[in-house]
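Whatever order the structure lists ligands and atoms in, that order sets their numbers, starting from 1.
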Amino acid sequence: MAEQTPTVSMDKIVSLAQRRGFVFPSSEIYGGLSGCWDYGPLGVELNRNIKAAWWKSMVQDRDDIVGIETSILMARQVWEVSGHLQGFTDPLAECKNCHMRWRADTLTEKKCPSCGGELMAERMFNLMFKTFAGPIEDDASVVYLRPETAQGMFVNFDNITQSTRKKIPFGIAQQGKAFRNEITTGNFIFRSREFELMEMEYFVKPGTDGQWFEYWLNERLNWHVKYGIKREHLSILEHEKAKLAHYARRVCDITYLYPMGWEELEGVASRTDFDLKQHSLASGKTLDYYDDETKEHYTPYVIEPAIGIGRSLLAFMCDAYAEEPDKDETRVVLHFHPAIAPIKAAILPLSKKENLAAFAKDVYKDVRSNLMVQYDDTQSIGRRYRRQDEIGTPYCVTVDFQSLDDKRVTIRERDSMNQIRIPVSELRKTLTAKLEGEAFLVLPQGGEVVQAKGK
Ligand code: GAP
């Protein structure tokens, strides 16, 4: 039985995110714009690190997947043919009294949750944002902001096979903005109107789609665990056949135990040959594959893992969050995996005195040429450790007066609070090794353990 108690409240995450510069409401000085968010200095680093970790596992570390970046605006026919104009809808219920609008399938009672008024008959509401391309605002110039990046991969299928000579099975991966005019938004960045997607279309021989579906579900589950989500906070939810999207044969959600309960983190879909066939028929351009070993022509089937970066970022923040006793106080820590931590190390001089500051600045400049680091010389060392723990910085490097003589610095590990002292000449290499997984107490030449009684 899956665990049912979230480990942190949404209020704590939202407050930390805003206070420390991870996420702000969009256009906040004007009261905000519902469903839109801005990423602050730490949020943007976290976001980029998540994208890099996904790209590494999906593209860089594999021979069978290539990347692409397609435009947000696409020909209108794309959305007619893909079925989105007709079917990318949610059921909408409007109150006869206060005219508030609700997603009908989320209501527990058949009355307005705001004023208790009677609801009008349900209708389907299309989630695509509409705009105009060019200076004339007429029907012919209507275009849509893409609600998924996937179609950019399907319409480029032939370009990719021709230019890369990839053999099936192979995939095309993309990261980019998507827009959905959600009827209701909420739960912080969980359901937004503008968000970033990471999607991969994996083209396979018909008949092998079942096994590839299992493969990708497993791969993606392991990816979340590899980068820090506890396995017991992840679950798999199989979609009922009757409720599948118009293009899907099988869909499983990887769900996460968010503060509001179990919700979809990522979707893995078996999209059959629906999209390639539809675009072939409508465009007149054959989008199929010639297998030169079996001498067969066929339209590949597609397995698609798709995840919103905001949902991933929120899950990583929630799962990393901890409040731990530290001496007589409680420290708040984000136990981020080093690969996704926004700041990898902080350089902390024990005093602002000129000779020490000059030395510490040199250390800082040397390390930052390799890694994202912060320099902090304000307030007590204890407070500075706390600030770095709270944003998930794996290592703090203290520079003290003795450093001027022995040219050594002390590194404190965030999770164990153990400390080692090493030659400054070894710092860059040592930090890089630790960030890549070397045990903290493994020392470079000339190093010593200062404190090893942390947990
Ligand atoms: N191409 C398939 C597709 O778009 P989806 O299940 O509609 O599938 C994929 O969306 C992922 O995008 C979801 O698993 C979720 O992580 C994210 N997502 C969907 N709607 C979102 C929204 N309104 N705000 C933030 N993320 C969203």
Side-chain angles (χ1 to χ4, degrees), residues 23 26 33-37 39 47 50-51 54 58 68 70 72 74 78-79 82-84 87-90 103 105-106 125-129 144-155 171-203 213 216-217 220-221 223-224 229 234-239 243-256 258 260 262-272 274-276 278 302-316 318:
V23 181
S26 160
L33 177 65
S34 178
C36 298
W37 300 91
Y39 287 91
N47 185 297
I50 293 170
K51 286 195 275 192
W54 187 90
M58 290 303 225
I68 197 170
T70 66
I72 287 172
M74 301 179 76
V78 170
W79 307 112
S82 68
H84 282 80
F88 197 62
T89 54
D90 274 340
R103 230 181 97 169
D105 56 347
T106 61
F125 175 77
N126 194 293
L127 302 184
M128 284 200 293
F129 279 98
Y144 297 91
L145 302 189
R146 66 180 179 199
E148 62 169 14
T149 67
Q151 297 304 322
M153 271 96 83
F154 296 130
V155 299
I172 310 178
Q174 170 155 226
Q175 301 178 331
K177 288 264 181 170
F179 303 83
R180 297 184 187 180
N181 195 8
E182 299 282 357
I183 297 170
T184 49
T185 58
N187 286 319
F188 191 32
I189 54 178
F190 178 82
R191 192 176 306 285
S192 311
R193 294 201 167 110
E194 173 179 341
F195 58 98
E196 271 183 292
L197 269 175
M198 306 191 281
E199 299 194 283
M200 195 277 293
E201 309 304 319
Y202 200 70
F203 300 95
F213 185 92
W216 279 110
L217 190 56
R220 294 302 307 145
L221 195 66
W223 182 86
H224 299 289
I229 308 266
L234 293 166
S235 186
I236 290 177
L237 180 75
E238 176 100 34
H239 283 215
K243 290 189 181 164
L244 290 179
H246 58 275
Y247 51 74
R249 165 185 267 198
R250 186 178 173 201
V251 176
C252 282
D253 290 344
I254 298 175
T255 57
Y256 173 70
Y258 286 101
M260 63 283 188
W262 289 98
E263 293 285 353
E264 176 183 354
L265 165 63
E266 169 155 16
V268 179
S270 179
R271 289 183 81 128
T272 66
F274 175 85
D275 300 270
L276 288 181
Q278 288 287 98
V302 172
I303 307 300
E304 175 200 68
I307 178 167
I309 300 169
R311 288 198 188 179
S312 182
L313 186 145
L314 182 57
F316 280 128
C318 294

(request) With heavy atoms of Gly267 as the reference, note each atom of ligand 1 found under 4.0 Å away. (result) 14 (O)

(request) Consider every N or O of Phe195 and every N or O of ligand 1, then say whether any pair is closer than 3.5 Å. (result) no

(message) Could you work out, for atom 5 (P) of ligand 1, the closest of Met200, Arg180, Arg191 by heavy-atom distance?
(response) Arg180

(request) Test ring pair (Phe, Tyr, Trp, His ring centres under 6.0 Å) on Tyr256 and Tyr258 and set out the steps. (result) CA-CA 6 Å; Tyr256 173 70; Tyr258 286 101; 4.9 Å; yes

(request) Flag Glu148 as yes when one of its N or O atoms lies below 3.5 Å from any N or O atom of ligand 1, and as no otherwise. (result) yes

(message) Could you walk me through whether Phe154 and Gln278 satisfy the side-chain contact (heavy atoms from CB on, under 4.5 Å) test, starting with their C-alpha distance in whole Å, then the side-chain angles of each, then the deciding distance to 0.1 Å, before giving a yes or no?
(response) CA-CA 10 Å; Phe154 296 130; Gln278 288 287 98; over 6 Å; no

(request) Out of Ala150, Ala306, Ala248, Ala245, indicate the one that has the non-hydrogen atom closest to atom 11 (C) of ligand 1. (result) Ala306

(request) State whether the shortest distance between N or O atoms of Leu197 and N or O atoms of ligand 1 falls below 3.5 angstrom. (result) no

(request) May I ask you to identify, for Glu263, whether its side chain, its backbone, both or neither come under 4.0 Å of ligand 1 on a heavy-atom basis? (result) neither

(request) Identify, for atom 25 (C) of ligand 1, the protein heavy atom at the shortest distance, and state residue, atom and that distance. (result) Phe190 O, 3.1 Å

(request) Flag the pair Glu238 and Arg250 as a salt bridge only when some basic side-chain nitrogen lies within less than 4.0 angstrom of an acidic carboxylate oxygen. (result) yes

(request) Check each atom of ligand 1 against the heavy atoms of Glu199 and keep those under 4.0 Å away; list them by number with element. (result) 1 (N), 2 (C), 3 (C), 4 (O)

(message) Taking the basic N atoms (NZ, or NE/NH1/NH2) and the acidic carboxylate oxygens, is any pair closer than 4.0 Å for Glu148 and Arg271?
(response) yes

(request) Mark yes or no for whether Gln174, through its side chain, and Thr149, through its backbone, hold a donor-acceptor pair below 3.5 Å. (result) yes

(request) Under 4.0 Å, heavy atoms only, figure out whether ligand 1 is touched by the backbone of Glu304, its side chain, both or neither. (result) side chain

(request) May I ask whether Glu201 places a heavy atom under 4.0 Å from ligand 1? (result) no

(message) Which of the numbered atoms in ligand 1 are under 4.0 angstrom from any heavy atom belonging to Ser192?
(response) 22 (C), 23 (N), 24 (N), 25 (C)

(message) Using a 6.0 Å distance limit plus a 45 degree cone around the ring axis, check whether Arg193 lies over the aromatic ring of Phe179.
(response) no

(request) Within a distance under 4.0 Å of any heavy atom of Arg271, pick out the atoms of ligand 1 and give their elements. (result) 1 (N), 2 (C)

(message) Show me which atoms of ligand 1 lie under 4.0 Å from any heavy atom of Glu264.
(response) 6 (O), 13 (C), 14 (O)

